[in-house]
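Report on the structure given below.
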Amino acid sequence: MGRTVVVVGGGYGGASVARALDERADVVLVEPRDAFVQNAVAMRALARPEWADSMFFPYDRLLERGRVVRDRAVSVDPGGVELASGERLAADHVVIATGSAYPSPFKIEADDSATAREEILRIHKDLAAADRVLVVGAGPVGLELAGEAKAVWPDKRITIVDPAERLLPAFQDELRADLHRHLDELGVDLRLGTTVEMPPTEPGRAGTFTVSSGDGPVTADIWFRAHGVTVDTAHLGPELSAALTPGGLLRVTENLNVAGHATVHAVGDVTDLPEAKMAGNAMQHAEVVAKNVIAALDGEEPTAVYRPSPIPFVLLPLGPDRGVGQVPSPDGPVVLPAAAVGEYKGADLFTGRFNDLFGTSLPVPA
């Protein structure tokens, strides 16, 4: 049996599965970017520009045996991948890890890290100059941005608007109470259960405006759209497109095979698993897929399974020293104190973990 594994997408799940398979298979990682982007750093880098250098991890040390092809997949089928350059990569196993798109600057669109870094620094300047900030969306991304900005500029007036009646409704009441307390102490104007008129300016660009909301007018000097995930499955060929749900997600088995295809696997946001689209979940998917691919290459039956936790998980820093979190345990959900959130994530935003993965030594700013 051949041992070529083509991994499409070098994000959290794709980079992890490529690294895990590197010693046992002939790995080809297809990724249009020149560096892995640690999206969790974006919110802090917008407030603290010295963090922009800790967002981008070059791929050149990720694989020792395999290779990274900087190109874009235009068609993926069970036998390989067609690239935008016209090249075809034949594969014995395909791993689909193309992830999702999210509004800039929380996921940067640029494929080269220099351009992406400059965009982060440009938005930082506009944000720093703004007295009033509007964030549309009260999910983890919008909340984290507000917390990071308030940690640097405590007098900046920040309004968060969301049509949902409750913050993070899937989580424990204790976590929500902690979150409201932090936001109140930070002086964030939180408007739940209401909508806001679309601002006339581009998100992330300076420009004073006043818009109406269900709770009265909002005047701001810059705004951010912190909602709207779009899953990237447009590159799938006809055979694999047949496995898509009406919502555009890939149906997967408990072994994380694409339904109906024993040698095609999927990890991360593209899967139809009933769980949040989170980096941590994608990296757990990668562990399962790597075990099953190795078993198949060794002529054994793949037996590793992935079962989503019924207890939702979140680590949500609100700056380096604040935050809320919830983790699963055998006894049920455990709500974490702010100090634990800072220790696990807030202090370095997992920079050390990704330095280990990519063989780099990016700094953790003080």
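By convention here, the first residue in the shown sequence is residue 1.
- Panel note: side chain Thr271, backbone Val267; no donor-acceptor pair is recorded below 3.5 Å.
- At a threshold of 4.5 Å between non-hydrogen side-chain atoms, the residues His235 and Val81 do not count as touching.
- Between Asp298 and Arg24, at least one side-chain N (NZ, or NE/NH1/NH2) sits under 4.0 Å from a carboxylate O, which counts as a salt bridge.
- Put simply, the side chain of Arg122 reaches to within 4.5 Å of the side chain of Arg205, judged on heavy atoms.
- Applying the salt bridge (charged side-chain N to carboxylate O under 4.0 Å, His left out) criterion to Asp232, with sequence neighbours excluded, gives no partner residue.
- A donor-acceptor contact shorter than 3.5 Å is absent between the side chain of Asp269 and the backbone of Val231.
- Within the 4.5 Å cutoff, side-chain heavy atoms of Phe57 are placed close to those of Asn355.
- Using a 4.5 Å heavy-atom threshold, the side chains of Thr263 and His93 count as touching.
- Between Ser113 and Ala35, the shortest heavy-atom distance links the atoms CB-CB, 4.2 Å.
- Nearest heavy atom pair, residue Arg307 against residue Val305, reads NH1-CG2, 3.1 Å.
- The side chain to side chain donor-acceptor pair (under 3.5 Å) search around Asp53 returns Arg117, not counting sequence neighbours.
- Counting heavy atoms from C-beta outward, Val258 and Val94 have side chains that stay 4.5 Å or more apart.
- With sequence neighbours left out, the side chain to side chain donor-acceptor pair (under 3.5 Å) criterion links Glu174 to no other residue.
- Every residue two or more places apart in sequence or in another chain was checked for a salt bridge (charged side-chain N to carboxylate O under 4.0 Å, His left out) with Arg67, and none qualifies.
- Separating the CG atom in Leu46 from the CD1 atom in Ile123 is a distance of 6.0 Å, to the nearest 0.5 Å.
- Other residues, nucleotides and ligands place more than 12 heavy atoms under 6.0 Å from the CD atom of Glu197.
- Sequence neighbours left out, the pairs with a member in residues 136-149 that pass side-chain hydrogen bond (donor to acceptor under 3.5 Å, both in side chains) are Arg44-Glu148.
- Inter-residue side-chain proximity for Val314 and Leu175 is flagged as met; some heavy-atom pair is nearer than 4.5 Å.
- Contacts classified as side-chain hydrogen bond (donor to acceptor under 3.5 Å, both in side chains) and involving residues 318-344 (residues at least two apart or in different chains) are given here: His182-Arg322, Glu185-Arg322.
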message = Under the criterion salt bridge (Lys or Arg N to Asp or Glu O under 4.0 Å), I'd like the reasoning laid out for Asp173 against Arg176: C-alpha separation, chi angles, the key distance, then a yes or no.
response = CA-CA 5 Å; Asp173 289 342; Arg176 266 191 301 280; 2.4 Å; yes
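- Taking the six-membered ring where the residue is Trp, Tyr12 and Phe354 present perpendicular rings, their angle passing 60° and hence far from 30°.
- The two residues Val133 and Ala220 come nearest to each other via the heavy atoms C-CB, 4.1 Å.
- Environment of CZ in Arg61: sparse, with no more than 12 heavy atoms of neighbouring residues, nucleotides or ligands closer than 6.0 Å.
- Residues Phe358 and Phe56 place their aromatic rings such that the two centres sit no closer than 6.0 Å.
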query = Going through the distances and angles, do Ser85 and Asp71 end up as a side chain to side chain donor-acceptor pair (under 3.5 Å)?
reply = CA-CA 7 Å; Ser85 63; Asp71 206 335; 2.6 Å; yes
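- No more than 12 heavy atoms of other residues, nucleotides or ligands sit less than 6.0 Å from atom CZ of Arg72.
- Ala138 and Ile160 get closest at one heavy-atom pair: CB-CG2, 3.7 Å.
- At least one side-chain heavy atom of Ile120 sits less than 4.5 Å from a side-chain heavy atom of Pro105.
- Thr115 and Asp112 share a side-chain donor-acceptor pair at under 3.5 Å.
- Looking only at side-chain heavy atoms (C-beta outward), Met198 and Trp223 come within less than 4.5 Å of each other.
- Judged by distance alone, the side chain of Arg3 and the main-chain N or O of Leu297 form a donor-acceptor pair under 3.5 Å.
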